[in-house]
Each structure stands twice: as C-alpha cells, then as structure tokens.
Amino acid sequence: MSGLKILQKTEALHEARWWEAEPGGKVHCYLCPRHCHIGEGQAGFCYIRANEGGKLYSLGYAHPAALQIDPIEKKPLNHFMPGTKIFSMGTAGCNMGCFFCQNWDISKSRSDQVNSSYIPPEDVVLLAIRNGCPSIAFTYNEPTIWGEYVIDICQAAKEYGLNTVMVSNGYITYEAFHDIYDHIDAANIDLKAFTENFYGKITLTHLQPVLDTLKWLKNETNVWFEITNLMIPTLNDAPEESRQLAEWILENLGPDVPLHFTAFHPDFKLQDKPRTPAETLHGARRIAIETGLHYVYEGNIYSDGANTVCPSCKAVLVERSWHSVMKNRLTGDGRCSKCGYAVAGRWMNPRGKTAAKIAARAQSVADAKYSDLNL
Ligand code: SF4
C-alpha cells in the first residue's frame, strides 16, 4: 500500500444496514456469507462493523483510510473508459483472511488502528471532480463491508454525473447484493482460485458464494465487470485449474467477460512463495484463449498480454504498458478500426462531461475543507 495518503479520523458512529437483533444483546450481520453473530462491545470478523448497545454500527462510514488517484487500468479494468483517472478509496478491515493480502496494512487493521478523516459522501464526489476523475473506485480493502458508505457515495456520484466502481472479492449475500450493485457502473471481482481447498485454507472463506456473485452480476444487473485471478506458485497455478476456471467463466458468464491473470509477489503471511514467473501467466492466458474467452490479460508484469486484441481480425486495438494506455485504435463506439468488430465494454463516459459550474463548486469545497490532502 505504499504511496497511499493516510488521513486523520474524527466524527460519530453511523448505524449499519443488513443486521438483526438477537437475544442477549447480540446482533446478526448478514451483509456477507460469514453471518457474524456479534456480542455487545465486539466487532465482526471484518473489524469495522461493531455492536454498541445492541445495535450494529459501520465504523468505516465516512472514514476512508486511503485515498489516491489511479489509472483505471490499475483496478484492473481494461474495457471501461480506458486511459481515464479514477478516484480510489478504501477503509480499514476485510471480510476475508487472505494470507497473501497485498494491502494488509489497512485490511488487517481495526478502524482505530488506521489514520482516517471524516469525508461525507458528497465531499468524496467533489474531491473526485476537483481532481479530474470521471469515476470513483471503492477499492484497496473490501468495499462490501462499508456498503452503507458506498451506496451514499454512489447516490451523490449519480447526481454529479460520475461513475462508480467496486473492486471486490465478491463475498456478499444476496440480501445485500442488489442494495449495493444496483448503484454500481463497473466492477472487478477477484476469483482468487478455482478450488474450495484454496478458498478454505488460504482466504478463510468459500468459493461458491463468489461464483454466485459473478452469476448474479451477469444475469441480474447491467454492471460491466471483469475478473482477476492472482496466480500464486504451487497454490492455484496448475494449468488444469486455469482451464477449469476459464471453462466455468465461458459456460456461466460468456466469452466477453475479461479475465486478468496477475502476478503475485511475496507479502503478509505468504513470504515463502516466489514471485509468479511470467511464463505461468503466458501459459494461463493461452489456455483461457484456447478455451474460448475473448479478452484475457496478464497483469503485474510488462507483457504484450496487457493489450486488447480484436477477437475477429486479431489487430492490436489498445496497447498498454503496465497501467498506461500507449495507443487506442478503437473507434469512439468501441469497434475494431480494422474490421469493425464491436468489442465488448463501455468505451465512452456514459454520463458525459462535468459541468463547469459543478467543477467550480468542487474546487471551492476542496480548497475550503481539504487543502491538507496531497492527492
Ligand atoms: S460484513 Fe463483517 S460483520 Fe458482517 S458478516 Fe461479514 S465479516 Fe461479519
């Protein structure tokens, strides 16, 4: 999480959604498939949903612990407004227990162990506008666990004409799914492996709920979504597993959902595995393309596998170097400039340009209240 801007925390508790009271002052949180039963004065597994006096509160609400402006390709999203900037934010906590977490300094912290500052939903949007970002990403830690804040930011974002993006592990219940994703424009969902053994032992969760979320996204929403599979040597990098994962995507989501195979580096509790060799990503990409997926990428390495290629004539349409777009040969409406094939994605800003009056207001609010932020 190097380079993130860390803020200072203030302000009061915000009552959570997606909970019910239980006997003895306990509460049941049903936001994610962990279904925590939380005693008075305690927090759920994710650290940032706490029982105070028999009510559940969202400790992450309006308290981002990390704010940064990223290229949208870093989420990664390669088929949603390529080459644009995205205002990216996260809080403390997480509902998974991944041994390889690359943002463990915030995801494995309680809300009182990170520095944060009070930023209400509308101000997040104004900060994004002031920094020239047409979209906001909920990212770095798991945004599902601060879903109340996500929803309120999304509602403000729509009023100002900004897009919103979830970067998520997909571990959410159906009871909460539409409440959140009906407000979202795009998502990247981690499919961390394709075995229950990996999910159970390395993430302390289960595979099936993540697969369910991917199917709900496909069948029940208009959200543009892409999938990331972080490949960890010996744990989830077997060619047969990559083939099964690609076949499941093809069969359940279709060939047009982009799949990103990304390289692991040793971090947190998984220091004994080496970095992922480039050849592992090349091999997985070859398998997924052979399987029939149209858009398969390699990430966290320099490679031609970062480029978007026309599935029909094989012309290179978007050339990338790491997270930078070097050339974009798509037509304005996302067609191959050589053969006219319509490439799946959202290529133009569906919400248009920010009005000058709104930009001026964003500037004045940001100057007045957030001049200490060095974004
Ligand atoms: S969101 Fe947090 S408190 Fe709620 S069930 Fe999941 S881990 Fe538990």
Side-chain angles (χ1 to χ4, degrees), residues 13-66 89-101 103-114 116 138-154 166-184 187 189-190 192 199-214 216-217 268-269:
L13 293 178
H14 184 94
E15 189 173 336
R17 292 175 65 170
W18 310 295
W19 66 276
E20 59 191 0
E22 294 189 315
K26 280 192 160 186
V27 301
H28 166 212
C29 175
Y30 52 87
L31 171 53
C32 94
R34 281 195 183 278
H35 287 282
C36 293
H37 299 269
I38 307 167
E40 161 75 36
Q42 295 181 334
F45 179 93
C46 62
Y47 301 132
I48 64 159
R49 303 178 72 76
N51 177 348
E52 290 269 346
K55 278 188 174 175
L56 189 66
Y57 290 93
S58 168
L59 307 184
Y61 191 95
H63 288 111
M89 57 190 297
T91 73
C94 189
N95 58 349
M96 285 197 172
C98 304
F99 293 177
F100 52 89
C101 185
N103 291 335
W104 59 269
D105 52 345
I106 57 170
S107 72
K108 300 301 162 203
S109 296
R110 298 193 313 260
S111 56
D112 60 355
Q113 291 174 317
V114 294
S116 63
F138 312 117
T139 179
Y140 303 134
N141 74 326
E142 175 50 46
T144 298
I145 63 172
W146 38 287
E148 297 88 353
Y149 190 27
V150 165
I151 290 170
D152 289 353
I153 294 169
C154 287
M166 285 282 277
V167 180
S168 173
N169 59 30
Y171 212 56
I172 185 170
T173 59
Y174 193 71
E175 287 82 356
F177 174 78
H178 280 286
D179 291 341
I180 295 177
Y181 281 91
D182 286 358
H183 298 279
I184 295 292
I189 305 293
D190 274 337
K192 293 171 189 274
Y199 265 89
K201 288 188 177 150
I202 310 291
T203 76
L204 312 182
T205 56
H206 300 284
L207 169 62
Q208 189 58 48
V210 181
L211 300 180
D212 291 343
T213 297
L214 289 167
W216 301 333
L217 277 167
F268 193 40
K269 294 182 187 167

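Whatever order the structure lists ligands and atoms in, that order sets their numbers, starting from 1. Here, residue 1 is the first one in the sequence, and each next residue gets the next number. Please read these numbers as outputs of a predicted model, since none were measured by experiment.
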### Query
Quick check: does Cys46 put an N/O/S atom under 2.8 Å from atom 2 (Fe) of ligand 1?
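Yes, since at least one N, O or S atom of Cys46 sits under 2.8 Å from atom 2 (Fe) of ligand 1.
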Tell me: protein heavy atom nearest [atom], and distance?
| atom | answer |
| --- | --- |
| atom 1 (S) of ligand 1 | Arg49 CD, 3.5 Å |
| atom 4 (Fe) of ligand 1 | Cys29 SG, 2.3 Å |
| atom 6 (Fe) of ligand 1 | Cys32 SG, 2.4 Å |
| atom 8 (Fe) of ligand 1 | Cys36 SG, 2.3 Å |

#### Entry: Ligand-residue contact atoms, ligand 1 with Gly44, heavy atoms, under 4.0 Å
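Counting from 1, the qualifying ligand atoms are 3 (S).
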### Atom indices of ligand 1 within 4.0 angstrom of Asn95 heavy atoms, with elements
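Taking each heavy atom of Asn95 in turn, ligand 1 has 7 (S) under 4.0 Å.
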### Task
Would you indicate whether His206, at its atom NE2, is surrounded by more than 12 heavy atoms from other residues, nucleotides or ligands within a distance under 6.0 Å?
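No, the 6.0 Å shell around NE2 holds no more than 12 heavy atoms from other groups.
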### Query
Near Lys55 NZ, under 6.0 Å, is it more than 12 heavy atoms from other residues, nucleotides or ligands?
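Check fails, neighbour count at 12 or below.
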### Task
Quick one: closest heavy-atom pair of Asp190 and Tyr199, and the distance?
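Closest heavy-atom pair between Asp190 and Tyr199: O-OH, 3.8 Å.
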#### Entry: Minimum-distance pair of heavy atoms, taken over all atoms of Ile172 and Tyr181
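Looking at all heavy atoms of both residues, the closest pair is CD1-CE1, 4.2 Å.
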### Message
Looking only at the side chains, is there a donor atom on one of Glu142 and Asn95 sitting less than 3.5 Å from an acceptor on the other?
### Response
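Asn95 and Glu142 do not have a side-chain donor-acceptor pair below 3.5 Å.
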### Task
Dump the intermediate steps for side-chain hydrogen bond (donor to acceptor under 3.5 Å, both in side chains) on Glu22 and His37, then the final yes or no.
CA-CA 8 Å; Glu22 294 189 315; His37 299 269; 2.8 Å; yes
